[in-house]
Amino acid sequence: MYNKTIKELSLLLKNKKISVIELTKIFLDRIKASNLNAFIHVDEELTLMQANIAEKKIISGNNLTQLTGIPIAHKDIFVTRHWKTTAGSKMLANYISPFNADIVERLKKAGTVMLGKLNCDEFAMGSSNENSYFGPVKNPWDYSAVPGGSSGGSAAAVAARLVPATTASDTGGSIRQPAALCGVTGIKPTYGSISRYGMIAFASSLDQAGPIAKTAEDCALLLNVMIGFDKRDSTSLQRKNEDFSYGLKKNTKGIKGLRIGMPREFFNVNLDTDVQNGIYSALKEFEKLGAKLVDISMPKTNLSIPVYYVIAPAEAASNLSRFDGVRYGYRSKNYKNLVDMYKKSRTEGFGEEVKRRILIGSHVLSRDFYNIYYLQAQRIRRLISEDFQKIFTGPNSCDVIMGPVSPTVAWNIGNKRDPIVNYLSDIFTLSTSLAGLPGMSIPCGFSVNKPIGLQIIGNYFKEAQLLYIAHQYQNITDWHLKKPKL
Ligand code: GLN
């Protein structure tokens with residue numbers, strides 16, 4: 001049962017082959033037996049209450065959606081009523097929000113049953129899930145390896161079949177990279193598509209939520225519910241509703257003539273041989289389906305690392321100033337006066353990486369350095385976006401861009417102690433985020449026992465096209481069905 005996709009489970013539930021309670025219990029038992037550390041918070045009672053409501057809906061046959069009765073879990077960066085929301089931080093270790101994040105509410109209304117809150121890097125800062133106050137998550141393919149980050153819990157839980165699908169967030173790659181390292185499918189839609197209301201802010205001009213699941217089809221079902229205008233988020237986009245599953249159901253016209261750009265800079269750098277081979281074989285499959293591979297250049301790829309690691313910390317320093325020990329979260333026990341209370345609460349409440357970013361962010365925003373770091377980074381950010389537009393709309397334009405998600409497969413826990421080395425692993429995901437474009441990761445092979453992810457990047461609002469292309473690939477390959485020893 002736990003190997004089934006949402007699409008399959010939905011049918012079984014509707015035809016009453018299994019009840020919501022039975023299904024929910026299967027996953028709750030799996031979570032209890034797992035030692036991946038993927039979940040921070042589980043509350044069977046709350047879960048079973050939701051399962052009961054969904055069960056009643058199914059029995060009555062009213063207000064059913066394809067997600068009614070489907071168990072899911074949320075990255076612990078989305079606030080939830082009644083459940084703790086920690087953002088992977090000691091700062092919020094006991095925080096319970098008085099309201100639900102927009103996507104939590106949307107998925108609840110659609111009838112999903114929430115299994116719990118998923119481990120992640122502290123305030124979503126990281127590429128390996130080792131920065132969580134609640135300890136690292138293990139990669140289900142190899143328990144000594146990282147699952148990727150920051151949505152490591154979200155990806156590991158789907159890969160280990162602890163839950164059919166999860167929510168995640170991507171500021172610079174945190175949906176795509178853990179999806180790649182855990183061998184599951186994840187998509188980050190266009191910036192502004194999914195409301196950021198109730199998503200604990202890291203870098204507001206980059207943060208974007210998205211789903212992780214086993215297949216592109218399942219991601220489409222989730223996006224259908226998650227995407228939508230929300231007036232409580234000033235960057236939320238108002239657009240016509242789109243059915244992301246529609247294209248997948250249609251009589252497939254295939255992808256004949258699809259022009260796939262292969263950025264030179266994504267292939268000739270320090271790319272693991274196995275990863276390179278995996279990506280090339282995937283591209284060959286696309287060629288067999290009738291696509292055309294086009295050599296392109298994204299000359300500013302290398303700059304995306306310094307640009308991102310100036311802008312994201314700058315925004316983080318500003319966003320995290322709200323954690324002062326007064327209004328939210330942790331407050332130091334011993335302090336002399338107000339200023340001392342601020343200092344000690346923040347010193348004791350934040351982890352090392354978060355503090356590092358607050359320092360960098362404050363530095364690049366300071367009067368003497370603002371021009372040379374922050375402003376300059378914003379200028380290059382614009383040039384990176386323009387490079388994408390040249391590829392998507394210029395002469396000899398490409399429909400999509402493909403390449404690796406990560407230069408390597410999952411590395412061992414503890415192996416990248418130097419933060420800079422960690423930052424470098426984001427080389428292929430950051431530019432998409434800086435440009436606000438949609439990007440996804442699909443499984444496309446293995447290096448020994450560790451999964452490889454193929455990245456597909458599209459122009460703004462091309463989520464449906466990305467899902468369609470991924471679906472075509474998943475129709476003729478079975479990488480997405482492979483699972484770790486359970
Ligand atoms: N690895 C990147 C970082 O550490 C991206 C994280 C994310 O997308 N949330 O900031």
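Both ligands and their constituent atoms are indexed starting at 1 by order of listing. What's counted below: heavy atoms across the whole structure, side chains too, no hydrogens, waters or symmetry copies.
- Within the 4.0 Å heavy-atom criterion, neither part of Y423 lies near ligand 1.
- Under 4.0 angstrom from ligand 1, the non-hydrogen atoms of D426 all belong to its side chain.
- Annotation: side chain of C398 is in contact with side chain of I296 (closest heavy-atom distance under 4.5 Å).
- For ligand 1, the polar-atom distance check against G126 finds a nitrogen or oxygen pair separated by under 3.5 Å.
- For the pair R381/S205, a side-chain contact is recorded, criterion being any heavy-atom separation below 4.5 Å from C-beta on.
- Ring-centre distance between F392 and Y460: not below the 6.0 Å cut-off.
- Note: F323 and Y328 have tilted aromatic rings, judged against thresholds of 30 and 60 degrees for the angle between ring planes.
- When heavy-atom distances to ligand 1 are checked against a 4.0 Å cut-off, R176 has no atom that comes that close, whether in backbone or side chain.
- Only the side chain of S150 comes within 4.0 Å of ligand 1, counting heavy atoms alone; its backbone N, CA, C and O stay farther away.
- Listed by atom number, the atoms of ligand 1 under 4.0 Å from G172 heavy atoms are 5 (C), 7 (C), 8 (O).
- Salt bridge annotation for R356-E353: present, with a cationic side-chain nitrogen under 4.0 angstrom from a carboxylate oxygen.
- Contact check for V137 versus S132: no side-chain heavy atoms found under the 4.5 Å cut-off.
- For atom 5 (C) of ligand 1, the nearest protein heavy atom (residue, atom name, distance) is Y308 OH, 3.3 Å.
- The contact set between ligand 1 and Y309, taken as ligand atoms under 4.0 Å from a residue heavy atom, comprises 1 (N), 2 (C), 3 (C), 4 (O), 10 (O).
- In terms of modelled atom types and a separation under 3.5 Å, the side chain of S150 and the main chain of M125 share no donor-acceptor contact.
- Classified by interplanar angle (parallel below 30°, tilted 30° to 60°, perpendicular above 60°), the ring pair F266/F428 is tilted.
- Nearest protein neighbour of atom 7 (C) of ligand 1, counting heavy atoms only, is S174 OG, 2.4 Å.
- By the 3.5 Å distance cut-off applied to N or O atoms, S127 is counted among the residues near ligand 1.
- Shown in contact with D170 at under 4.0 Å from a heavy atom are these atoms of ligand 1, numbered in order with element: 8 (O).
- At least one N/O-N/O distance between R357 and ligand 1 falls below 3.5 Å.
- Residues L437 and F388 are in side-chain contact: their nearest non-hydrogen atoms beyond the backbone lie under 4.5 Å apart.
- For A312, the heavy-atom gap to ligand 1 stays at 4.0 angstrom or more.
- For the pair K90 and Y330, the distance from NZ or CZ to the six-membered ring centre is under 6.0 Å and the angle to the ring normal is within 45 degrees.
- Within ligand 1, the atoms closer than 4.0 Å to a non-hydrogen atom of A124 are 6 (C), 7 (C), 9 (N), numbered from 1 in the order shown.
- Ligand 1 lies out of reach of E353, whose nearest heavy atom is not under 4.0 Å from it.
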